[in-house]
Amino acid sequence: MNEAFVISILVITIRAGTSLLYATFGAILTERSGIQNLGVEGIMMVGAAASFAAAYHSNNGWIGLLTAVLVGIILGVIHAFLTITMRAEQVVSGLAMTIFGTGLASFMGQRLGPGNSTMVGLQGPSFERIPIPYLREIPYIGEALFNQDILVYALYLLIPLMWFYIYKTRQGLELRAVGENPQAIDALGMDVTKMRFLYTVAGAVLMAIAGAHLSLGYLQGWADNITGGRGWIAIALVIFSTWNPLRAVLGALLFGGINAIQFRMQAAGTTLPSSFLNMLPYIVTILVLVFITWAERNTHRFGTPSALGTPFVREEKK
Amino acid sequence: MKTSKELAVQMRGISKHFPGILANDGIDLDVYSHEILALLGENGAGKTTLMNILAGLYKPDGGQIFLKGREVEFHSPKDAIEHGIGMVHQHFMLVESLTVTENIILSLQRSGMNLHANQVKQRILELSSQYHLLVDPDASIWQLSVGEQQRVEIMRLLYRGAETLILDEPTAVLTPEEATDLAKILRKMADEGKAVILITHKLNEVTAFSDRVTVLRAGHVVSNLLTKETTKKELARLMVGRDILFHLEKKKCKAGNPVLQLEHVHATNDKGLPALVDVNLQICAGEILGVAGVAGNGQRELAEAIAGLRHIDQGKISANGQDITNSSPFKVISAGISHVPGDRIGVGLASNLPVSDNLVMKAYRNPPIVQGQLVKKKSIVQFVDRLINAFNIKTPSSDTPARLLSGGNQQRLILAREITASQGMLIAVYPSRGLDVGATESVRSTLLEQREKGSAILLISEDLEEINQLSDRVIVMYEGKIMGTVDPETTPLETIGLMMAGQPLSAIEKHGKVEQSA
């Protein structure tokens with residue numbers, strides 16, 4: 001196994017892990033506030049399609065990214081309105097979001113190319129790799145960590161920020177509390193609805209950015225089903241991370257790594273059928289879920305926000 | 001330190017409607033500093049509603065609130081707390097996964113991002129020593145006992161400078177010892193000039209804790225009294241509106257053969273921690289065995305293990321000599337054991353189904369309800385009508401969904417079904433929890449009636465008075481172990497209290513002897 005091979009695996013690990021981690025962070029924020037959003041896959045997909053279309057037509061990657069943010073806000077508000085204001089079943093709303101998002105993105109892919117044609121195969125502007133002098137000379141990891149696009153670097157900043165925000169600030173404390181016991185937060189005079197709305201929308205924005213990184217950074221183009229189940233892996237990663245952003249980084253690297261190995265093995269012309277390799281991340285997801293559930297039961301550690309998935313209703317009598 | 005009492009809160013003409021109920025009807029209430037006021041009333045008398053209004057949770061439909069003579073209007077609990085009024089709810093408003101300090105920080109509503117954790121911790125320790133409120137600021141809430149959690153709630157109010165503290169049924173979840181500690185803490189707070197309001201329906205609490213008592217009945221104030229100038233009997237009459245029997249007629253126990261037997265039973269709780277540790281007990285026909293203990297010491301698991309709802313890891317359970325260890329609930333029922341579960345609505349009823357369906361839920365397999373594979377509507381109607389009359393279930397009709405009945409009638413429904421299905425064995429878990437005095441009385445006499453008919457009854461209750469009143473023998477559970485078996489007639493309450501706090505009977509007796517010889 002030569003150096004170049006290892007480096008190429010590491011590079012893809014980071015690139016593939018980036019969109020996973022953005023999506024996972026989004027889901028962590030949303031779920032910590034007590035709202036389940038199973039629409040990650042759909043939101044990522046629309047984020048990817050819309051940002052690519054916008055970037056292509058404006059010939060500007062930043063406009064693409066901004067579009068992803070807008071997509072996140074719109075879809076986030078829809079999910080928040082349904083689940084928080086209307087108290088709809090969160091699982092159903094999330095699944096609807098995924099089905100709707102997948103369809104919408106596919107439609108956009110067919111029509112938003114030049115002259116209402118398909119976007120498949122188009123070359124658009126993208127976030128190019130920016131090597132960081134000196135750091136990228138570090139053996140093995142230098143190339144992987146410090147020759148990446150701007151969204152990867154932004155993520156490096158976001159990781160400590162997420163951790164600091166959740167565990168070291170008052171707002172983070174409130175976020176942890178509202179997903180555990182919204183009644184308590186309400187009794188203390190804080191606005192549960194507002195907080196949940198905010199984090200659901202913020203989470204959806206991160207999910208849409210995760211999509212944008214696929215079409216503008218990692219894969220650089222549009223293809224049907226571009227997310228390939230990454231949204232679902234992100235949901236598994238949230239559980240894997242026990243809602244802790246630092247552990248989410250580990251998870252994203254692990255799954256990004258599987259993705260990279262799969263990619264490389266295919267390129268190396270292995271005799272394994274490709275469908276087996278495609279299956280790998282999901283097998284690992286299942287194993288991880290089994291392990292986490294088992295570990296939770298035996299250590300009675302508090303991971304899952306207790307109020308996750310339960311709409312908040314102020315206790316009025318009868 | 002009885003310095004001058006000042007009028008802290010005046011509520012005038014407070015009214016509050018809920019659909020179909022007038023919870024508060026023109027209530028006037030005065031609360032003074034340096035004083036503990038008991039707000040006494042039955043369930044549904046409007047005590048909690050009134051205090052939720054004072055704490056800013058509900059908006060009154062009419063009436064005014066004055067603090068130190070100035071009129072105020074609260075739009076949220078936050079408003080109330082800013083005016084120095086804080087409430088400890090019956091269900092604690094704490095976030096279990098966070099630490100004591102973090103929970104207090106949450107309640108401070110400071111602006112900015114900084115947590116100031118060390119500063120807050122310092123202040124907690126100060127208040128802790130000032131009011132003898134022992135709490136570890138770094139402990140997570142889920143690690144604390146209920147009594148400690150309550151102290152965190154009180155601490156939180158003191159920290160925010162509350163001058164008027166409202167406690168809703170504070171001793172419901174405490175051991176006698178913890179209740180005594182709480183009384184001291186509240187007294188200390190009153191001495192320091194706070195006004196303390198205690199919502200309660202327990203007469204003992206009124207006499208043990210308060211200086212003054214306001215009695216509510218059906219949304220009205222019926223009386224304002226000084227505690228030392230009244231008696232329990234008078235208070236009970238005011239509260240219920242009629243005389244209450246404090247002693248149920250109980251015939252002497254004629255215990256027969258052992259019916260239910262547990263030998264060396266071990267089981268774990270939902271979290272996989274030991275919930276039952278080497279439990280041995282037997283109940284004879286015509287006997288009530290009471291299980292005392294603070295909630296969460298294995299009582300629920302004990303009932304579930306017997307009812308076939310919980311797997312036991314070791315040991316043997318037998319009924320009428322038949323081994324029912326880890327049998328399915330169906331086999332347990334067939335063995336003659338009935339179960340009145342502690343979670344009335346969640347486990348005891350299919351609450352959206354009509355009263356009739358709920359009543360036949362255990363009888364539907366057998367004739368005359370079923371013939372062949374078909375249920376006979378006519379038999380059901382007869383069966384249901386008979387039970388409704390026999391057990392005095394007040395329901396608009398047998399088609400009314402069970403959830404619309406009052407708590408007392410729901411419990412009578414469950415008792416009717418379980419007693420009818422029972423063949424000599426009944427497990428009753430918290431049978432009178434949440435019921436008012438009248439309903440409680442009827443549930444208790446039903447249990448005694450069954451005992452006289454020769455049933456073996458396992459009674460699990462948090463209410464020591466109930467246990468003492470009904471049981472022929474009492475076992476006390478602590479952390480899944482049986483601390484000892486005592487006779488309720490001859491055993492002092494303190495002994496049971498000590499056992500509830502984890503002292504085995506053998507240790508208490510030994511200690512007693514040492515004292516006598518010294």
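Every chain is numbered from 1 and lettered A, B, ... according to where its sequence line falls, protein lines coming before strand lines. The analysis underlying the following values was restricted to heavy atoms, covering all of them including side chains, and did not include hydrogens, waters or symmetry mates.
The closest side-chain donor-acceptor pair between A:His213 and A:Thr18, if any, does not fall under 3.5 angstrom. Side chain to side chain, B:Asp25 and B:His220 meet the donor-acceptor criterion of an N or O pair below 3.5 Å. Checking B:Arg160 against B:Ser107 by side-chain atom types alone, no donor-acceptor pair falls below 3.5 Å. Counting only N and O atoms by type, the side chains of A:Arg170 and B:Asn114 include no donor and acceptor under 3.5 Å apart. With no hydrogens or angles considered, no side-chain donor-acceptor pair links A:Ser93 and A:Gln90 at under 3.5 Å.
The most heavy-atom pairs under 4.5 Å with chain A, out of B:His89, B:His116, B:Glu102, B:Arg156, come from B:Glu102. Highest contact tally toward chain A, considering only B:Leu115, B:Leu94, B:Asn52, B:Ile105, is held by B:Leu115 [criterion: heavy-atom pairs under 4.5 Å]. With respect to chain A, the highest number of heavy-atom pairs below 4.5 Å among B:Gly86, B:Gly112, B:Ser140 belongs to B:Gly112.
Of the atoms belonging to A:Tyr167, it is backbone heavy atoms, and not side-chain ones, that fall under 4.5 Å from chain B. Using a 4.5 Å cut-off between heavy atoms, B:Leu98 contacts chain A through its side chain alone, with no backbone atom that close. Neither the backbone nor the side chain of B:Ser76 comes within less than 4.5 Å of any heavy atom of chain A.
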